[in-house]
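Just below is one structure, and these are the notes that go with it.
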Amino acid sequence: MPGSSRLAGLLRDGQFVVTAELTSSDSADPEATWRQAEMLRGYVDAINCTDNTGAHVHLSSLAAARLLVEKDLEPIMQLTVRDRNRLALQADLLGAAALGVRNIVLMSGDDVTAGDHPEARRIYDIDSMQLIEVAAGMRDRGTYLSGRKLQHPPSFLIGAVENPFAPPLEFRPLRLQKKVRAGADFIQTQLVFDLPIFARFMAMVGDLGLLHKVFIIPSIGIPRSARGARFMRDRVPGLFVPDSLVARMEKTPPAKQADEGIQVAVELVQAVREIPGVSGVHLIGIKWEEGVVRVAEAAGLLPRPTLSPLATVGGRG
């Protein structure tokens, strides 16, 4: 498996990995990013730096990823095709590699109508599937999309995203298969709240023979309140939140809803861990790093593993 990151080594070693999403920064002060990231040290194996998530402007994912590298924290840099053409995308990929970023997640990105600049022009010069192919070509063949040779190819662990809950459900494993063929090494899924649908998705992925070709990391959301659960159910495109979960949060006294959300996430972590083919979990506590820490503790995900000597061969570990 390509990639010289610690995350690549843990996956290669068969460890159950834990990643988390870093709260996006709106500050030009690096300390703002470092403070948020430092809360996750020792609780997760790698940290996602989002790329204008929700189509809202934030500190660039490339800058955030580099700031994490400076503090010896392992970033996963997200990159969307929404905001860049193929020239800018390849420049950012090469720049990220030069700055020490070894893990990337490539995606379409939320539509601009979801954010605070709905008049922004969408780019979509290439789609997310093509971007995976571009990154794999830069890494494996040492060439740009044009065919021009690179002096020194990047070493990436290439990630993609998939939504097991978007209809038609039978199409989602086939779409994942295309991403694997394009060059994806791992997949981070949409938030998992419906376990039967996710288990069915994983079974179909297994039927396609993909469980030995790609690492699948389901995302686990940490609802902080009944209001937050309702918002995810009613306002977030592509996300399925069962009414039963919203009702559970609504029945909980407001002062205890955060604790109940932690318990919900812990139960989901423990459940997906039993599903064949799951290689880890991606914890998302929206603007709530403390929630990630509490789930990691309560779900028995600590201490985080170290790399075996075999897993570090050929990489920096």
Side-chain angles (χ1 to χ4, degrees), residues 2-11 17-84 88-110 128 131-132 134-136 138-139 152-161 183-188 217 219 280 282-287 289 292 304 315-317:
S4 60
S5 67
R6 180 175 180 272
L7 179 62
L10 290 172
L11 289 168
V17 303
V18 180
T19 61
E21 192 166 292
L22 182 67
T23 297
S24 301
S25 175
D26 292 315
S27 173
D29 183 358
E31 290 291 342
T33 296
W34 286 331
R35 281 194 299 270
Q36 296 299 125
E38 192 63 36
M39 296 175 65
L40 300 174
R41 187 186 296 273
Y43 293 95
V44 302
D45 302 307
I47 301 171
N48 278 46
C49 299
T50 58
D51 186 12
N52 286 345
T53 182
H56 287 72
V57 180
H58 301 291
L59 180 71
S60 76
S61 59
L62 177 57
R66 174 58 196 178
L67 290 175
L68 266 59
V69 169
E70 290 180 11
K71 295 297 184 180
D72 199 29
L73 292 163
E74 179 144 315
I76 302 172
M77 188 187 82
Q78 294 184 358
L79 195 63
T80 72
V81 298
R82 176 193 59 219
D83 304 326
R84 302 168 182 83
L89 289 165
Q90 291 173 95
D92 280 354
L93 285 170
L94 193 62
L99 293 173
V101 178
R102 298 292 177 260
N103 310 299
I104 54 176
V105 168
L106 310 175
M107 60 183 69
S108 298
D110 298 314
S128 60
L131 181 57
I132 295 169
V134 167
M138 294 175 69
R139 178 190 68 187
H152 192 288
S155 178
F156 285 134
L157 182 72
I158 299 174
V161 296
D185 302 306
F186 73 101
I187 301 290
Q188 290 179 325
I217 304 172
S219 296
H282 179 55
L283 302 178
I284 301 180
I286 301 174
K287 298 182 180 180
E289 275 76 8
V292 171
R304 297 310 309 142
R316 66 188 178 114

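Values reported hereafter were calculated over all heavy atoms of this structure, with side chains retained and with hydrogens, waters and symmetry mates removed. Counting from 1, the numbers follow the sequence of the chain as shown.
- Nearest heavy-atom pair, L7 versus A46, reported as atom, atom and distance to 0.1 Å: CD2-CB, 4.2 Å.
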Note to self: The test is side chain to side chain contact (heavy atoms under 4.5 Å, CB included); show your working for F186 and L157 and say whether it passes.
What the structure shows: CA-CA 8 Å; F186 73 101; L157 182 72; 3.7 Å; yes

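- Taking 4.5 Å as the limit, every side-chain heavy atom of L10 sits out of range of all side-chain heavy atoms of R304.
- Atoms CD1 and CG, on I284 and L22 in that order, are 12.0 Å from each other to the nearest 0.5 Å.
- Put simply, the side chain of N52 gets close to the backbone of H58: a donor and an acceptor are under 3.5 Å apart.
- To the nearest 0.5 angstrom, S5 atom OG is 10.0 Å from D45 atom CG.
- Without hydrogens or angle criteria, R84 side chain to D92 main chain gives no donor-acceptor distance under 3.5 Å.
- Closest heavy-atom contact between I217 and T19: CG2-OG1, 4.3 Å.
- Note that CD1 of I47 is 15.5 Å distant from CE of M77, once rounded to the nearest 0.5 Å.
- By the neighbour-count criterion of 12 heavy atoms within 6.0 Å, atom CG of L73 is densely surrounded, having more than that number from other residues, nucleotides or ligands.
- Applying the salt bridge (Lys or Arg N to Asp or Glu O under 4.0 Å) test to R35 and every residue at least two apart in sequence or in another chain returns nothing.
- Considering all non-hydrogen atoms of both residues, L93 and A135 come closest at CD1-CB, 4.0 Å.
- Here L62 contributes atom CG and I104 contributes atom CD1; the two are 11.5 Å apart, rounded to the nearest 0.5 Å.
- When each of L59, D51, T33, T53 is paired with S24, the side-chain contact (heavy atoms from CB on, under 4.5 Å) condition holds for T53 and for no other.
- No donor-acceptor distance shorter than 3.5 angstrom exists from the side chain of R82 to the backbone of G109, with no hydrogens or angles considered.
- Rounding to the nearest 0.5 Å gives a distance of 10.5 Å between NE2 of H152 and CG of L94.
- In terms of the salt bridge (Lys or Arg N to Asp or Glu O under 4.0 Å) criterion, E31 has no residue partners (sequence neighbours excluded).
- Scanning all heavy atoms of the two residues, the minimum distance from P75 to A65 falls at CG-O, 3.5 Å.
- At distances below 3.5 Å, not a single donor-acceptor pair connects side-chain atoms of N48 with backbone N or O atoms of I76.
- Scored by the side-chain contact (heavy atoms from CB on, under 4.5 Å) test, T23 finds Q36, K287, E289 as partners (sequence neighbours excluded).
- Across Q78 and T50, no two heavy atoms sit closer than the pair OE1-CA, 3.4 Å.
- A distance-only check finds a donor-acceptor pair linking the side chain of R41 to the backbone of K71 [under 3.5 Å].
- Contact annotation: the side chain of V292 approaches that of L40 to within less than 4.5 Å [non-hydrogen atoms, C-beta and beyond].
- Rounding to the nearest 0.5 Å places CZ of R6 at 11.0 Å from CG of N103.
- When all heavy atoms are compared, the tightest approach of G54 to D110 is N-OD2, 2.9 Å.
- Side chains of L67 and W34 form a contact here, defined as non-hydrogen atoms less than 4.5 Å apart.
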